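Report on the following structure.
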Amino acid sequence: MTNHLSLEELHSYFDGELPASDCARASDHIASCAQCKGQIDELARLEGALSELEWPEVSPAFTAAVMSRLAPYRPSRLPAIAAAIFAIATLVGGTGLFAWGLLLDAGALSRVASVVTATSSVLASVARSTYLLGCAAARVAEGLLATFSALTASAPPTLQAGAVLAAVGLTYLLRLSVLSYRRQRPA
Amino acid sequence: MGEKDSQVPSDLDIIRRVLRGKKDAYAEIMARYQRAILAYVSRMIRDRETAMDLSQEIFLKAYNSLRSYDPSYKFSTWLYKIASNHVIDTLRRREPHWVSIDDGGPDGTHTIDLPDMGRGSETEAAYGEKVEHIEVAIRKLPPAYRQLVLLRHVHECSYEEMARICSLPLGTVKNRLFRAREMLKAHLKGVL
């Protein structure tokens with residue numbers, strides 16, 4: 001039998017890495033060539049022998065020795081900082097938009113009074129709930145909802161958008177504060 | 001490893017916990033890979049004590065580099081890459097006669113006289129005669145070939161994984177692996 005498979009073809013065939021286009025030809029050749037078939041059988045015996053090699057057992061002292069030399073990672077503060085920047089930007093932007101809306105609106109004063117009342121209500125709620133940040137967040141949300149309701153009647157779109165943005169920013173900031181408080185609380 | 005099983009946390013889950021400051025979670029990573037790494041290093045470095053030290057250093061290096069781990073590749077591949085670099089660096093430093101694979105004979109084979117460091121040790125005494133022959137034959141391979149044989153046949157890495165671990169082109173990995181297996185077959189004639 002001439003035109004034996006090259007060494008590379010034999011090994012690739014054995015590893016199942018021969019291109020599909022060459023695989024059928026190699027398969028046909030091996031089936032009819034004792035020499036190439038012998039090479040494949042030898043590779044199979046080698047692989048079988050290598051698979052008998054064992055992995056050593058590892059004592060607990062091995063792990064302990066490594067663990068004792070590790071310093072804990074400090075969690076990255078980047079996401080928290082980015083979130084805080086986003087919240088503050090939203091709050092400032094929303095408040096600015098809100099103020100601009102008030103300036104543009106002729107009947108703004110009466111609504112400012114409503115806003116002041118609602119904000120006072122929010123502040124009172126916050127003061128009462130100093131120890132329970134979660135409850136404070138709920139009260140703030142309520143107050144903001146009331147503020148928003150007072151403004152929505154015949155308010156221009158700028159005013160409404162500003163109020164919504166400010167509310168979202170404030171809520172997000174409060175949420176961050178609560179999460180940060182919980183994270184820092186000792187276990 | 002266990003990535004399909006929702007009860008068992010994946011390597012990536014554990015790594016994220018470690019990076020969040022849960023240092024103790026790293027013990028689980030070690031439990032998963034320490035035998036494999038020690039097996040690999042022990043066969044690359046003949047001295048068992050040195051192999052233990054190097055394996056510990058590999059886990060320390062991996063821990064300290066965890067932030068650079070790219071989750072688009074298997075964690076084991078990344079760990080073996082660290083192990084491979086560390087072992088090859090050590091061999092180059094400690095063995096002045098470390099033989100380049102380019103120094104092969106005219107028939108493409110390499111024979112290196114290595115002292116049989118493990119002979120007589122309790123571990124090898126427990127091995128069967130055939131397995132001991134294989135261990136000796138592996139030790140006679142140049143390190144650059146030895147690591148490919150180990151990665152492929154003992155640690156079941158794919159060609160692509162071996163290329164990544166050893167920082168070699170795929171074609172070079174195949175070529176060296178084929179030649180390494182031919183050398184092993186020659187060393188093990190009459191044993192297989």
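Treat the numbers as computed from the prediction; the structure is a model and nothing was measured. Only heavy atoms go into these numbers, but all of them, side chains included; no hydrogens, no water, no symmetry mates.
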Worked check of side-chain contact (heavy atoms from CB on, under 4.5 Å) between B:Phe59 and A:Thr63: CA-CA 9 Å; B:Phe59 278 106; A:Thr63 315; over 6 Å; no

Choice from B:Glu182, B:His133, B:Met52 maximising heavy atom contacts with chain A below 4.5 Å: B:Glu182

B:Tyr159 OH to A:Ser12 OG distance, which is reported to the nearest 0.5 Å: 5.5 Å

Contacting region of B:Leu38 [heavy-atom separation from chain A under 4.5 Å]: both

Shortest non-hydrogen separation from B:Ser65 to A:Tyr73 and the atoms involved: N-OH, 4.0 Å

For chain A, the option from B:Lys185, B:Glu57, B:Lys130, B:Glu156 that forms the most heavy-atom pairs under 4.5 Å: B:Lys185

Distance in Å, B:Leu60 CG paired with A:Arg69 CZ, rounded so as to fall on 0.5 Å steps: 4.5 Å

Leading residue by heavy atom contact count with chain B [cutoff under 4.5 Å; candidates A:Val58, A:Leu70, A:Leu7]: A:Leu70

Region of B:Leu66 that comes under 4.5 Å of a non-hydrogen atom in chain A: both

Minimum heavy-atom distance between A:Pro72 and B:Tyr63, given as atom pair plus value: CA-OH, 3.5 Å

Nearest non-hydrogen partners of A:Pro56 and B:Arg48, listed with the distance: CB-NH1, 4.2 Å

Flag side-chain contact, heavy atom, 4.5 Å: B:Leu150 against A:Leu50: no

Most contacts with chain A, counted as non-hydrogen pairs under 4.5 angstrom, among B:Arg20, B:Met30, B:Arg35, B:Gln34: B:Arg35

Electrostatic pair A:Asp15:B:Arg152 at N-O distance under 4.0 angstrom: yes

Heavy-atom pair of closest approach, residues A:Leu53 and B:Val131: CD2-CG1, 3.7 Å

Cluster link B:Leu12 to B:Tyr26, ILVMFWY, side chain under 4.5 Å: yes

Co-membership, hydrophobic cluster, residues B:Val173 and B:Trp78, 4.5 Å side-chain: yes

Part of residues 39-48 of chain A lying next to chain B, heavy-atom separation under 4.5 Å: A:Gln39, A:Glu42, A:Leu43, A:Arg45, A:Leu46, A:Glu47

Minimum heavy-atom distance between B:Lys23 and A:Ala71, given as atom pair plus value: CD-C, 4.3 Å

Test: A:Glu8 and B:Lys174 ion pair at under 4.0 Å: no

Region of B:Ala36 that comes under 4.5 Å of a non-hydrogen atom in chain A: both

Distance, nearest 0.5 Å, that separates CG of B:Leu19 from CZ of A:Arg74: 14.5 Å

Cluster check B:Leu54, B:Ile29: I/L/V/M/F/W/Y, side chain < 4.5 angstrom: yes

Path from B:Val41 to B:Tyr145 over hydrophobic side-chain contacts below 4.5 Å: yes

Joint cluster assignment, B:Tyr33 & B:Ile165, ILVMFWY side-chain distance < 4.5 Å: yes

